[in-house]
Amino acid sequence: MSWQPTSSIAPLAPSDFPAYFSALWSTAQGEPTNPFRWQVDLVEAAHRERRWPDLIDLPTGTGKTSVIDIAVFLLALGADETPSNQWHPRRIAMVVDRRVIVDQAADRARAIADKLATAEGGVLRTVADRLRSLAVQPDGSVPEVPLGYAVLRGGIIRDESWAHRPDVPAVLASTVDQVGSRLLFRGYGVSRGMRPIHAGLLSQDILYLLDEVHLARPYADTLEAVTKYRRIGSRVHELPDRWQLVQLSATVDTSVDWAFPGQVLDPGSHPVLERRLTASKPAVLEGVKTVADPARAQQQLAAVCARRAYELVAAGAQTVAVIVNRVATAGYVYAALAADRKQAEADRELITGRMRGVDRDRVLAKIMPRVAMGRTRNASDRPLILVSTQSIEAGADFDLDAIVTECASLDALRQRFGRVDRDGRLGETGGLCQSVILASVRDVDSGAPDPVYGEALRHTWSWLNGLPEVDFGIQRLPVPSPDQLKALLPPVRFAPHLL
């Protein structure tokens, strides 16, 4: 449907956000999907302050990916201001260092763009018209679509459409290396002549939503350095300062100027949010005796992982993930599951970061209907055991019945348990199984730092053993003291100084 320019743009106010959100995500039966209270509050606060918070501190399962919806709405909200007064950046980059999450963010951006492009009336048409108005050409022509989108990650055909029309609002879903290399004039697969173009587009008129910051601390440091130096340049050259960096993290950084929401979420504000925040995710700890030889020790740990996964299936769990810290261990677990298949009938799949993109996409396409949040669980469903490394621990919209996980730092474990009963429905129906956390006794007793998590793995194991019960439910896990927390988090890697 073509868009016809009008002499005035239909009004839009922050109070229209619930209707916009509901129109985007209403069910196929027409049932409205109301936003959470924090989503409404963020729209109002950002519009009032004319900027985004420096940090959005939300636990897993509370809908952080909806910041894409909010960013598109805020951009449309200010579309009728003069160009010099518009504060919201035209390009929205959702960046996370996990390809699985990038693809899920891209799917959300694609759904928003498609619904805006086909909107025939109501608040979606208003948002679409206002976005189109940002790209009106001097001759009055407008782009065919109100919102562009692109996926920037390895293993797929490059999509540079977002760079061909920099005037069109766009959502970019990207891994750290793709936008990071372009920002620093070294884009993967980008010709030498186009490198300055990509660097310019990713350093002007752009909002960075950096998710799972603990996975990309050096990149966050680099963006903070760029923020400092580009603002000096903006003042000198009198350029509009439409650049923002927003960190999305469940670990509060007290050094930021503005952290949102700034308080514990109120479960009573929304029935779905209450179900997710109060869900129980119990787990048991088990030390595994292993030999000194590293390869043999991994095989011994993998055998226990496989056995515990089959025990969970026998106890009634239909979707179980085995999450380990190394690719080699994941391979051993997968092989052990094949060797012990007589214990229980279950399908098995493997996902690691070293897989070819086409192979990972094939596995995800096969399993997503069986693990996606919001699906209908049936007692007749065939059980599935998914073996993975850290590839699925952060942000992936999986809703598993239980996990068997190798011990890691506390933040990594919290992310992994964020995939367990993600929607909180199993606890309501009584179908919850007790997850398992495993650790090599030799490793945690030796005092030697772990190659991945340093001293944090051993300290986390000790801290968990000191709890009366282990429950990784969002509002059930005790909060460590600040001094304790430092020991439970992995060593921080800093980026080189950017001059």
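What you see below is based on every heavy atom in this structure, not just the backbone, and it leaves out hydrogens, waters and symmetry mates.
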Determine all donor-acceptor pairs shorter than 3.5 Å in which one atom belongs to a side chain in residues 40-47; sequence neighbours excluded.
| residue | atom | partner | partner atom | Å |
| --- | --- | --- | --- | --- |
| D41 | OD1 | R37 | NE | 2.9 |
| D41 | OD1 | R37 | NH2 | 2.9 |

[atom1]/[X] to [atom2]/[Y] distance, rounded to the nearest 0.5 angstrom?
{"X": "L248", "Y": "L55", "atom1": "CG", "atom2": "CG", "result": "8.0 Å"}
{"X": "I101", "Y": "Q104", "atom1": "CD1", "atom2": "CD", "result": "7.0 Å"}
{"X": "R416", "Y": "S388", "atom1": "CZ", "atom2": "OG", "result": "8.5 Å"}
{"X": "T389", "Y": "I351", "atom1": "OG1", "atom2": "CD1", "result": "9.0 Å"}
{"X": "L152", "Y": "Y188", "atom1": "CG", "atom2": "OH", "result": "13.0 Å"}
{"X": "L488", "Y": "D483", "atom1": "CG", "atom2": "CG", "result": "11.0 Å"}

I would like to know whether N378 and S380 meet side chain to side chain donor-acceptor pair (under 3.5 Å); could you show each step before the answer?
CA-CA 5 Å; N378 297 309; S380 59; 5.4 Å; no

Using the rule salt bridge (Lys or Arg N to Asp or Glu O under 4.0 Å), only one of D103, D69, D114 pairs with R108; which is it?
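The passing option is D69.
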
Check each of R362, K366, R360 against E349 using the salt bridge (Lys or Arg N to Asp or Glu O under 4.0 Å) test, and report the only one that passes.
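Among the candidates, only K366 passes.
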
Are any of the side-chain nitrogens in [X] or [Y] under 4.0 Å away from the carboxylate oxygens of its partner?
{"X": "D399", "Y": "R425", "answer": "no"}
{"X": "D347", "Y": "R382", "answer": "yes"}
{"X": "E469", "Y": "R476", "answer": "no"}
{"X": "D361", "Y": "R356", "answer": "no"}
{"X": "R458", "Y": "D450", "answer": "no"}

Walk me through whether D421 and K281 qualify under salt bridge (Lys or Arg N to Asp or Glu O under 4.0 Å).
CA-CA 7 Å; D421 195 16; K281 303 180 183 185; over 6 Å; no

Hey, can you pull the donor-acceptor pairs under 3.5 Å for the side chains in residues 328-339, sequence neighbours left out?
| residue | atom | partner | partner atom | Å |
| --- | --- | --- | --- | --- |
| T329 | OG1 | Q298 | NE2 | 3.2 |
| Y334 | OH | R348 | NH1 | 3.4 |

Please name all residues satisfying salt bridge (charged side-chain N to carboxylate O under 4.0 Å, His left out) with D471, sequence neighbours left out, ordered by chain then number.
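Once residues adjacent in sequence are excluded, D471 has no partner under the salt bridge (charged side-chain N to carboxylate O under 4.0 Å, His left out) criterion.
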
Show, in sequence, the C-alpha distance, side-chain angles and deciding distance for E120 and R125, and conclude whether the salt bridge (Lys or Arg N to Asp or Glu O under 4.0 Å) test is met.
CA-CA 6 Å; E120 297 183 357; R125 179 59 186 260; over 6 Å; no

Please report the C-alpha distance between R414 and D411 in whole Å, then the side-chain angles of each, then the deciding distance to 0.1 Å, and finally whether the salt bridge (Lys or Arg N to Asp or Glu O under 4.0 Å) criterion is met.
CA-CA 5 Å; R414 288 184 63 184; D411 58 333; over 6 Å; no

